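Report on one structure; see the data block that follows.
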Amino acid sequence: MPQKRAVKFLGLSKWVGAFHATPARLEKILPLPLNSFNVFSQNTEPKDTSKFYTDLIRQCIQSKSISDLRTIQTHMIKSGFSHLSLGNKLIDAFLKCGSIEEARNLFDELPQRHIVTWNSMISSYISQRRSEEAVKLYNRMVLERAFPDEFTFSSIFKAFSQLDLVYEGRRAHGQAVVFGLEVSNAFVGSSLVDMYAKFGKFRDARMVLDRVAEKDVVLVTALIVGFAQHGRNVEALEVFKEMIDEGIEANGYTFASILSSCANLKDLLMGMLIHGLVIRSGFEFAVAAQTSLLTMYSKCGLVDDSLKVFKQIIEPNQVTWTSLITGLSQNGREEIALSKFRRMLRSSISPNAFTFSSVLRACSSLAMLEQGKQIHAMVAKYGLSGDTFTGAALIDFYGKCGITEMARLAFDRLSKLDVVSLNTMIYSYAQNGYGNEALKLFNPSLGCLVSSEREGIDQDLKLSNDASQRNHHNFSSHSDSQKTLLRKR
DNA sequence: CTAGGGTTAG
């Protein structure tokens, strides 16, 4: 009986007394009759009415009361949107209450939208990883002559990098230039640098960065992160040093990224130096920096130091636990890795694809069949059977345990194939004496993988197949699994 | 009333 559900407006006691307001009751106690809203234009609307609604909306946000917002919306629509600014506030309120759909519905209904409203909608879509919607709105915005401002540009570029739309992102950059907002502030600049860096377009990223007059830590960190994420660790370190030289202080984000570069370079000395810097700059308890620190030590082979870092972490998150488990598993401490995994679950932190691929690796190294099976069940429960990394770990695990059928089952569940998972499957077959099955996979033209709807995969397979054909008469260039196959033949 | 950068896997 949703109609009868009481709607409580906490601060409304002077209007409604102590009783609860239903939409029908609310209509009776509004400060002005609904019809009379129409006589006010947007500019001359009475101050107190506007304030009345504004307060109401603020209370709804505080109590996260979406149903109350709906009530207000109903009245607004009835009054023919006489209060446009309220419409915008209402959209903002829906967004803050997490109801993006209702915000969008109202957004579409409004005869006019404020630039702030456009920006709010766009950034909400992006933070919900629904960037297609954000881009659609952005394009519509330009068409409807609601000109994007620096707030728009500070968020829209992320949509293009999320969607991997290089050309469109560049075009939006051009539009920012046209509006004179390209490097109007560090917000727009860092968003642009981030986009170009994510695309691997480091020349463009650098050019934008250099044009920003007031550089700050976020701007430079965007470039550092870009280099680090593309495995260009030396360049990441160079930019980091440059930043320090320019007197810009690093923060937790910067340290998280730069320590990850040290880890990948196995540069223990630099890592320890930066560890000192982390402590001195007061980011000792920034969890991402701590996580990277932990990884740095374990990649450099100092497991005990990484355990020490972990002990310091007050609230380890999913990534932290995973890093710890990975480090242990990679350093031959499989049992401890598994016990940490159990502890992670007990502290109600859920595992992800990264975690599973690491614990499965631990199970695989020691051929712990029962444990691995249990983890396989969890993988299925978490809906991660299709993940390429986790899948490859499963294939590897069952292969090592000699259960080829299960390995194949895991293989067939992959939502996407790549060279590694294919190699792992071939290796599992080969290891267990199924030479013919392995060959079928090795040469997809024999019919094993063709005729599936997997297009990207075929591309991948074609590449690896072409490469192997080039080496066909050259035995020494074959991988171990291929050698095994050739012997079996 | 609206804005930017992060750490983990084969």
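Since the structure is predicted, the reported quantities are computational estimates derived from the model, not experimental observations. Each chain gets a letter, A, B and so on, in the order the sequences are listed, and its residues count up from 1.
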Practice prompt. Report which part of the nucleic acid A:Thr254 touches: base, sugar-phosphate, or nothing (heavy-atom distance under 4.0 Å, all strands).
Written response: base

Fill in: Interatomic distance where CG belongs to A:Leu394 and P belongs to B:dA9 [whole Å]
18 Å

Discussion item. Students often get this wrong, so: under 4.0 angstrom with heavy atoms, is A:Asp396 touching a base, only sugar-phosphate, or nothing?
Written reply: nothing

Item to complete: Kindly indicate whether the side chain of A:Asn185 and the base of B:dG4 share any N or O donor-acceptor pair separated by less than 3.5 Å?
Response: no

Practice prompt. Let me know the distance between CG of A:Leu324 and P of B:dT8, rounded to the nearest Å.
Written response: 14 Å

Discussion item. Classify the ring geometry of A:Phe157 against A:Phe153: parallel below 30°, tilted from 30° to 60°, perpendicular beyond 60°.
Written reply: parallel

Discussion item. Base, sugar-phosphate or nothing for A:Thr320? Non-hydrogen atoms, less than 4.0 Å.
Written reply: nothing

Fill in: Neighbour count above 12 (heavy atom, 6.0 Å) for A:Glu249 CD
no

Worksheet item: Should the heavy atoms of other residues, nucleotides or ligands under 6.0 Å from CD of A:Glu246 be counted, would the total exceed 12?
Response: yes

Item to complete: Could you tell me whether A:Ala197 contacts a base, only the sugar-phosphate backbone, or nothing, with contacts defined as non-hydrogen atoms closer than 4.0 Å?
Response: nothing

Worksheet item: So does A:Arg361 pair up with A:Glu334, basic N to acidic O under 4.0 Å?
Response: no

Response to the item:
A:Ile57 atom CD1 is separated from B:dC1 atom C1', nearest whole Å, by 10 Å

Worksheet item: With under 30° as parallel and over 60° as perpendicular, where do the rings of A:Phe255 and A:Phe283 fit, or are they tilted in between?
Response: tilted

Worksheet item: Can A:Glu101 and A:Arg130 be counted as an ion pair, charged N to O under 4.0 angstrom?
Response: yes

Fill in: Spacing of A:Leu219 atom CG relative to B:dA3 atom P, expressed in whole Å
19 Å

Worksheet entry | Listed nucleotide nearest any side-chain atom of A:Asp418, set B:dC1, B:dA9, B:dG10 | B:dG10

Item to complete: Whole angstrom is fine here: how far is it from OH in A:Tyr297 over to P in B:dT8?
Response: 16 Å

Item to complete: Check whether any side-chain N or O of A:Lys158 sits under 4.0 Å from OP1 or OP2 of B:dG5, and answer yes or no.
Response: yes

Worksheet item: Is any side-chain N or O of A:Ser357 under 3.5 Å from a base N or O of B:dA9, one able to act as donor and the other as acceptor?
Response: yes

Discussion item. Heavy atoms within less than 4.0 Å of DNA chain B: which residues of residues 187-196 of chain A have one? Give them sorted by number.
Written reply: A:Phe187, A:Ser190, A:Asp194

Fill in: Length of the line joining A:Phe151:CZ and B:dC1:P, which is rounded to integer Å
12 Å

